[in-house]
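All remarks here apply to the structure that follows.
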Number of protein chains: 2
Amino acid sequence: MPRPPARPPGTPDTREQILDVALELFVERGYDNTSLREIAERMGFSKAALYYHFPSKDDILMALHLRVHALGREGFDQLDADTVAPDQWAGVFDAMLGAILDHRALFLLHAREHAALEKLHEQAHDEEHADLQERMQRILANRQLPTEQRIRLACAMGAVMSGIFISGEAFADIETDVLRRVMAAAIQDLVGVGNVASPP
Amino acid sequence: MPRPPARPPGTPDTREQILDVALELFVERGYDNTSLREIAERMGFSKAALYYHFPSKDDILMALHLRVHALGREGFDQLDADTVAPDQWAGVFDAMLGAILDHRALFLLHAREHAALEKLHEQAHDEEHADLQERMQRILANRQLPTEQRIRLACAMGAVMSGIFISGEAFADIETDVLRRVMAAAIQDLVGVGNVASPP
DNA sequence: GTCTATATTTCGATAGAC
DNA sequence: GTCTATCGAAATATAGAC
């Protein structure tokens with residue numbers, strides 16, 4: 001297995017730092033309202049220096065989008081189709097919940113900057129869209145599934161995402177483990193075996 | 001009861017038409033990526049004419065925001081506090097669900113243009129924030145409530161919103177009444193009496 | 001109420017030195 | 001890798017005629 005690119009220890013990865021700063025600003029102030037000048041300012045160097053690391057502002061957004069793709073390849077390839085039995089859904093959502101809780105800002109970015117991200121996909125109409133959200137939408141649109149199941153899956157998905165974009169900072173006092181456990185139980189009530197009427 | 005402002009019948013309310021067009025474009029392309037020129041073009045007149053009806057672009061967004069406030073005054077004043085007994089939650093969410101299904105685009109706008117809307121609130125730090133979302137956040141943050149209940153309320157809220165911002169057009173083939181009924185049942189499973197453990 | 005200019009600003013991006 | 005300086009595009013907003 002190849003080692004990660006060798007860099008003198010203690011030397012911060014400027015590129016990744018830029019992405020961290022950009023993510024924070026994009027979520028807080030919006031993609032279009034965040035100027036490269038602001039990002040550079042927070043990094044401690046000038047705007048032009050950014051162009052050494054990224055060829056354009058859109059490429060910064062794309063790099064953040066790729067972080068989600070990486071998450072997807074790690075854990076959500078199982079989500080691909082009807083191969084998931086109903087009694088596995090709760091487990092799938094539990095995995096999702098973990099990813100979302102661990103990368104709140106990243107998912108928040110995707111929920112909010114829908115327009116900007118879609119523009120990117122138009123321009124570089126690249127590989128298949130392995131996005132978590134897009135995969136879910138394809139499943140929800142599948143008319144082979146019983147209608148009730150489709151709707152309940154959507155509800156469960158919404159319940160999972162509620163942790164990040166509805167609650168805001170309202171759950172700052174709740175430990176992540178408690179949050180995860182209670183939400184998992186709630187999702188079990190939504191899509192657990194026995195709670196969804198089977199088709200006749 | 002005062003009649004709505006008298007206008008010759010058949011005369012379209014230009015102001016409201018502008019808001020309808022703006023809402024559609026803002027949701028589709030994003031607030032910042034929608035120019036006044038585009039709105040004017042779709043209305044059939046020039047950009048400058050918009051400034052006769054609205055003093056600025058921000059005021060168009062604010063007018064759309066006020067539409068949600070109006071909805072809030074109609075139906076969500078009940079949401080104000082601990083006055084809502086646990087066995088009433090399902091009913092409250094049912095009302096929410098109705099409002100959201102009837103005004104999808106409006107709620108979608110609020111979910112996506114979070115940054116732009118917050119900027120408005122900063123500038124005109126007006127009355128209390130009677131927003132649906134803000135009220136929910138205040139309830140979710142209330143540490144008097146049992147933790148499990150707070151989290152389940154958030155899940156239910158997420159489930160309700162899933163209808164608009166996750167499903168996208170995936171549910172185009174499902175009748176609104178069916179959607180509403182199944183989602184109401186799902187919410188019942190989340191926050192219905194007997195499904196939430198009572199505090200000791 | 002709507003038009004044709006035009007003023008003003010902001011921002012992404014480039015050029016070239018160090 | 002980072003800097004200063006500048007270009008060019010786009011968009012908001014204004015002025016004043018009709």
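Numbered from 1 within each chain, the chains take letters A, B, ... in sequence-line order.
- In this structure, the side-chain hydrogen bond (donor to acceptor under 3.5 Å, both in side chains) partners of B:Glu24, at least two apart in sequence or on a different chain, are B:Arg42.
- Among the nucleotides D:dT2, C:dT2, C:dA13, the one closest to the side chain of A:Ser56 is C:dA13.
- Remark: B:Asp94 does not engage B:Arg181 in a salt bridge, criterion side-chain N to carboxylate O under 4.0 Å.
- B:His69 and B:His121 have perpendicular rings, their planes meeting at more than 60° on a 0 to 90° scale where under 30° would count as parallel.
- Side-chain atoms of B:Tyr31 and A:Asn33 include no donor-acceptor pair closer than 3.5 Å.
- Residues B:Thr34 and B:Ile39 come closest through the heavy atom pair CG2-CG1, 4.0 Å.
- Taking every heavy atom of residues 19-41 of chain A and every atom of DNA chain D, no pair lies under 4.0 Å.
- Contacts between residues 42-55 of chain A and DNA chain C, defined by a heavy-atom separation below 4.0 Å, involve A:Lys47, A:Ala48, A:Tyr51, listed by number.
- In summary, B:Glu118 and A:Arg29 do not engage in a salt bridge, as defined by a charged side-chain N under 4.0 Å from a carboxylate O.
- B:Gln149 places none of its side-chain heavy atoms less than 4.5 Å from the side chain of B:Arg152.
- If you measure from atom CG of B:Asp58 to atom P of D:dA11, you get 16 Å, rounded to the nearest angstrom.
- Rounded to whole Å, the distance from CD1 on A:Ile60 to C1' on C:dG12 is 11 Å.
- B:Arg180 and B:Glu175 are not joined by a salt bridge, as no carboxylate oxygen comes within less than 4.0 angstrom of a charged side-chain nitrogen.
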